[in-house]
Amino acid sequence: MYQRTVQINLPKAQTIDIEFKDVTWEVQTGFRKPKKQVLRGVSGCFKSGELTAIMGPSGAGKSSLLNLLTGFQDAGSTGTIDYIIGTSKQNYKAYKKASCYIQQDDQLHGLFTTLEAMKMAADLKLGTSLSQESKNFLIDDILETLDLTKTKETRCDRLSGGQKKRFSIALELLDNPPVMFLDEPTTGLDSSSTLQCIAMLQHLAKGGRTIVCTIHQPSAGIYEMFDHIYLIASGLCMFQGSPANTVPFFSSLGLQCPRYHNPADYMIEVVSKEYGDFSDQLTAAASGPKSWRSGFIRKAFLVTSFSRKNIEQKATVIVTPPTEFLRFFVLFRRCVIQLYRDWTVTHLKLILHFLVGILLGLFYADAGANGSKTINNCGFLLVTVIYLCYTSMMPAVLRFPSELPIIKKEKFNNWYQLRTYYVAHLIANLPVQMLFAVVYSSVSYFMSSQPHDWSRFSMFLMGATLTTTISESFGLVLGTTVNPINGTFLGAIASCMMLLFAGFFVFFRHMPLFMYYVSYLSYLRYAMEALVQAIYGYDREKLPCPEDELYCHYRAPKTILEELGMKDVNFWMNIGILMVNFVVLRMVGYFTLRRKISAS
Ligand SMILES: Nc1ncnc2c1ncn2[C@@H]1O[C@H](COP(=O)(O)OP(=O)(O)OP(=O)(O)O)[C@@H](O)[C@H]1O
């Protein structure tokens, strides 16, 4: 458990400095290809109370450095990164809990208003450390600080680009993180939004936070708002110091920034070799003994009379993050609201299941109570299995990939543990999947004249709901193992193969022995057998046949069971195997999701 202090108006945070030395990062560019060195031994120090900009031409390694410093990526790196709280070094785990990383793409839940999203984030981050009233007060304060008060009732997907960026920051400010990393926070913003954004970051840094962001070509005015500049090109540090010292630094190497020229533009032009190759001199000077930092007075301790007054009015509260159990309920509620609001996921699908149930009911009208239509009726059972399998599997293949960036962001920024999210998602989603199966089955079962017997109907429902939930689990495994295009392709192939082994397209007694044993791997086999047993098993009485039918081969239900090779099938055994399939696939789904999150 970690503790933080939260104060309204976010004045002062625990101070953390980040020192890194000889950091390198190599990536494998292809099979048997030489490794590419993205960062080539960079060193530096980012201090608390400072707003630091990492600058450089495109492809210089800015995001890579940010990823290493945040711990978002570490495979293939060497060198040391120290996190210093006060005067003592902290381990990465402690630092990680104190930092947040706001990436370039704003990953927000589009279906919630900003106020709702803030409340849920507050519940996930602060738990019961603060009363609801205090949380509301804190939320109002943060939204006001970031000029978002007017957007309280606006859905996140309807915010403008600048508002989204500020809102991403607002969400992370709830638990007052001492270290904030931002990847290109001003990309896509106009000049006034950029100014607003940097001014707000400057204000936060003054509260004692360590704020590091990457930025592309700021205007001269914006450039001067930073406290510290870290210039990187071709994986090497070429300048580190205050904006005011940029021009003197370059002049010391004989590179004179023209008058009225933006120093930020000039240094990018120099490292892009527009005036010749000065990389060696710049690298040597940037890592030399002379410091180009400004005479820095830690702003965290310069509390102005205005902010001191504010601090005095407000209490400092030590917040302890909620337990995963409490977070589960918040996430569960969030999932349920999302399911309810996304009408394409729930309402539309429910209507479609109802309509398809009617269509199949009309198609197979009378098939369940007519001995001469027994084969047709088995076709109905197989169509039910196929329909429920595809309609559950294919959307599931795409579900996690579309949510992955948000889950990754929230998990990385300590909102919750992945397993908590997974269980909440599972439990919220399960009844909806079951409802789909119930709606489809209820309509099609009675319209196709299946036996009016509650126990058989319940058995049919059980087989149908398990087919739905297992297919969904299978889809989630595919979606978290391969990319969505391959996932839908593999899902279609796997379903076709499993249907071949379901015992209807090829009867079990006609299957080569090897194929027969392989059929035990197909969960659709167990589903089909369960449905056939529900309708024809358990000594069902003889079926009526039309009077003009001279020979009614399937009058006795046991005939079809014998021909399909399902006479000795135990319904409950099949249900048990289907349940095991469900549990195993859900567990596999968790591990594939975890792997995907750490790999992406
Ligand atoms: N996983 C990776 N595999 C291969 N190359 C990579 C990988 N990640 C980064 N690179 C390469 O490392 C270099 C630096 O990338 P990085 O994203 O850090 O640059 P950047 O300075 O942030 O660029 P930009 O400003 O355009 O976003 C690029 O040449 C990029 O192609």
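Only a predicted model underlies this, so the values are computations on that prediction, with no experimental measurement involved. First listed ligand is number 1; within each ligand, the first listed atom is number 1. Scope of the values below: all heavy atoms of this structure, side chains included, with no hydrogens, waters or symmetry mates.
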Exercise. Once you round to the nearest 0.5 Å, how far does CG of Leu231 lie from CD1 of Ile54?
Worked result: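 Going from CG on Leu231 over to CD1 on Ile54, the span is 11.0 Å.
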Exercise. Would you say the ring centroid of His425 lies under 6.0 angstrom from that of Phe332?
Worked result: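 No, they do not, as the ring centres are separated by 6.0 Å or more.
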Exercise. Would a line drawn from the ring center of Phe46 to the ring center of Tyr230 be shorter than 6.0 Å?
Worked result: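 Yes: the rings meet the under 6.0 Å criterion.
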For this session: Would you mind listing every salt bridge (charged side-chain N to carboxylate O under 4.0 Å, His left out) that reaches into residues 76-88, with sequence neighbours excluded?
Result: Asp82-Lys89
For this session: Sort and list the pairs that fulfil salt bridge (charged side-chain N to carboxylate O under 4.0 Å, His left out) and have at least one residue in residues 101-115, not counting sequence neighbours.
Result: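 Non-adjacent pairs meeting salt bridge (charged side-chain N to carboxylate O under 4.0 Å, His left out): Asp106-Lys165.
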Problem set entry | Close-range residues for ligand 1, whose non-hydrogen atoms fall below the 4.0 Å threshold | Trp25, Val27, Lys36, Val38, Pro57, Ser58, Gly59, Ala60, Gly61, Lys62, Ser63, Ser64, Glu184, His216
Run the side-chain donor-acceptor check on residues 584-592: report pairs under 3.5 Å with partners two or more places apart or on a different chain.
unit_1: Arg586; atom_1: NE; unit_2: Ser473; atom_2: OG; d: 3.0
unit_1: Arg586; atom_1: NH2; unit_2: Glu472; atom_2: OE1; d: 2.7
unit_1: Thr592; atom_1: OG1; unit_2: Thr480; atom_2: OG1; d: 2.7
unit_1: Thr592; atom_1: OG1; unit_2: Val588; atom_2: O; d: 3.1
unit_1: Thr592; atom_1: OG1; unit_2: Gly589; atom_2: O; d: 3.0

